[in-house]
Amino acid sequence: MNKEVVVCKFGGSSLANAGQFKKVRAIINSSPARRVVVVSAPGKDERYSVKVTDRLIEAWDQHKAGKDWAIPWQEIWVRFAEIAAELGLKTQLGTHFSQIEKQIRNGKASYEYVVSRGEYLSALLMAEYLGFEFVDAAKAVFFDNSRNVHPITYEKIEQFCHDGNGWVIPGFYGNHGHMTAIFPRNGSDISGAVVAAGLNAGLYENWSDSVLRSADPRVVGNPQAISLITYREVRELAYMGAAVLHQDAVEPARERGVPICIMDTNNPDIPGTMIVEDREVGSQVVAGIAGKRGFVRFNLAMPGLHDRVGFAARVLDVFSQLGVSVEHFPTGTDTMSVVVSKDSLGDKSQLVAARLQLLTPKNSVEVCNGIALVAVVGLGMVNHVGTMARITGALVKAGINIQMLTQDFRQTNIIVGVEEVSLDAAIRCIYKEFFERVEI
Ligand code: ASP
């Protein structure tokens with residue numbers, strides 16, 4: 001393939017019903033370059049408040065618990081049947097559903113196989129609707145033993161999408177040792193990036209229900225749309241909760257120099273957010289703000305901690321031995337904190353605290369729950385004096401206590417820790433400071 005090809009990935013909200021399928025077809029037909037389509041499973045709409053993938057998980061859980069799984073299964077079936085009927089499609093949905101059911105009943109289906117069927121069925125319908133060829137991700141996307149994408153994937157994708165009109169590939173899953181393997185939730189973004197990288201596409205268009213904005217619209221009313229941003233900035237924002245693109249979708253595209261454009265399926269004519277390697281920094285210091293709840297901080301006090309060679313390594317080793325991933329570890333002269341996500345910590349909080357206690361004097365380990373992190377991201381912060389002061393000033397004015405403050409060495413990301421209850425207020429006041437305050 002070549003640079004003239006555009007790979008388009010459509011998210012769940014863009015495929016939630018027949019009306020959304022029609023919008024997708026209009027978008028694809030509006031440009032001959034849009035020949036490769038990667039799809040999610042149908043998401044939420046006004047009628048269905050639960051994503052197909054979540055219903056599949058529910059059906060699987062009920063089946064595993066020996067309970068009746070007819071109710072979630074029925075809803076999935078009705079949703080696909082409605083889409084097919086309204087679009088006049090002939091795909092034999094009944095045959096596909098009974099095959100999947102059979103696999104589940106005779107114990108041959110895995111969790112990954114079942115939850116990936118939303119993408120599979122969605123892609124079958126979309127392929128027929130567009131008149132494109134269906135490429136099963138089980139034959140094109142391969143995982144290695146560490147569940148990373150195996151390089152053979154890039155060759156396979158090139159082979160499958162070679163001669164023809166256009167192709168539709170289901171997102172979210174692939175193959176590992178002849179079994180279905182899946183990406184993390186919302187992983188169709190990653191599939192799209194992998195396909196775009198494999199084809200050396202000129203552009204990876206990621207279509208969802210919004211372009212990228214400088215803050216979460218649910219927190220800040222009508223935040224500014226971002227027209228141009230770098231891969232690095234987006235990765236930081238996505239990691240800290242900016243929902244439009246999966247954080248792991250950036251790297252495959254970046255590695256092969258494929259620009260990403262985030263587009264809005266419901267407003268296809270408004271310019272999207274272009275994500276590129278580098279950009280000119282204008283007068284805007286901050287590009288975006290994102291925040292996430294669900295962090296825990298372990299505080300350790302130890303006189304003379306800064307002089308003890310190897311102490312920090314021993315502390316971090318406690319986390320690594322228990323398989324807990326460390327996010328930040330700010331230190332003071334006699335103190336050290338380790339911030340981890342609740343997701344990674346699971347139920348090991350007491351165990352971690354007990355092991356840390358063995359390294360420090362009695363009663364000097366404290367566990368603080370309910371921490372949220374706010375990331376303030378922007379290339380414009382590099383060598384720009386006063387950004388930190390503006391952030392802390394805004395928080396002080398809003399009466400928000402800062403629990404932690406750190407900046408990455410590239411100076412493009414400042415992270416502020418606040419109490420979870422203050423997260424939205426913190427984002428709002430920082431947004432106001434950088435996007436609404438008139439400079440004099
Ligand atoms: N359908 C999957 C999910 O809901 C993957 C995706 O939509 O990207 O997580």
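Counting starts at 1 for both ligands and their atoms, in listed order.
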*Asks:* Any ring-ring contact (aromatic ring centres under 6.0 Å, His included) involving residues 247-291? Give me the pairs, sequence neighbours left out, ordered by first then second residue.
*Replies:*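 Qualifying pairs: none.
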*Asks:* List of N/O pairs, ligand 1 versus protein, all under 3.5 Å?
*Replies:*
| from | atom 1 | to | atom 2 | distance (Å) |
| --- | --- | --- | --- | --- |
| ligand 1 | 1 (N) | Thr53 | OG1 | 2.7 |
| ligand 1 | 1 (N) | Glu119 | OE2 | 2.6 |
| ligand 1 | 4 (O) | Lys51 | NZ | 2.9 |
| ligand 1 | 4 (O) | Thr53 | OG1 | 3.4 |
| ligand 1 | 4 (O) | Arg185 | NH2 | 2.9 |
| ligand 1 | 7 (O) | Ser40 | OG | 3.1 |
| ligand 1 | 8 (O) | Gly187 | N | 3.3 |
| ligand 1 | 8 (O) | Ser188 | N | 2.9 |
| ligand 1 | 8 (O) | Ser188 | OG | 3.0 |
| ligand 1 | 9 (O) | Arg185 | NE | 2.6 |
| ligand 1 | 9 (O) | Arg185 | NH2 | 3.4 |
| ligand 1 | 9 (O) | Asn186 | N | 2.8 |

*Asks:* Taking NZ, NE, NH1 and NH2 as the nitrogens, is one of them in Arg293 or Glu420 under 4.0 Å from a carboxylate oxygen of the other?
*Replies:*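 Result for this pair is no, no salt bridge flagged.
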*Asks:* Using every non-hydrogen atom in the two residues, find where Ala196 and Val258 come nearest and quote the distance to one decimal.
*Replies:*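 Scanning both residues completely, I find the closest heavy atoms to be O-CG2, 3.9 Å.
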*Asks:* Apply salt bridge (Lys or Arg N to Asp or Glu O under 4.0 Å) to Lys292 and Asp216, showing your working.
*Replies:* CA-CA 11 Å; Lys292 212 153 103 174; Asp216 185 341; over 6 Å; no
*Asks:* Scan for salt bridge (charged side-chain N to carboxylate O under 4.0 Å, His left out) pairs involving residues 11-27, sequence neighbours excluded, and state none if there are none.
*Replies:*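 Matches after skipping sequence neighbours: Lys22-Glu86.
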*Asks:* What pairs of residues pass the side-chain hydrogen bond (donor to acceptor under 3.5 Å, both in side chains) test when at least one of them lies in residues 73-84, not counting sequence neighbours?
*Replies:*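 Of all non-adjacent pairs touching residues 73-84, those that pass side-chain hydrogen bond (donor to acceptor under 3.5 Å, both in side chains) are Arg47-Glu82, Tyr48-Glu82, Arg55-Glu75, Trp73-Glu101.
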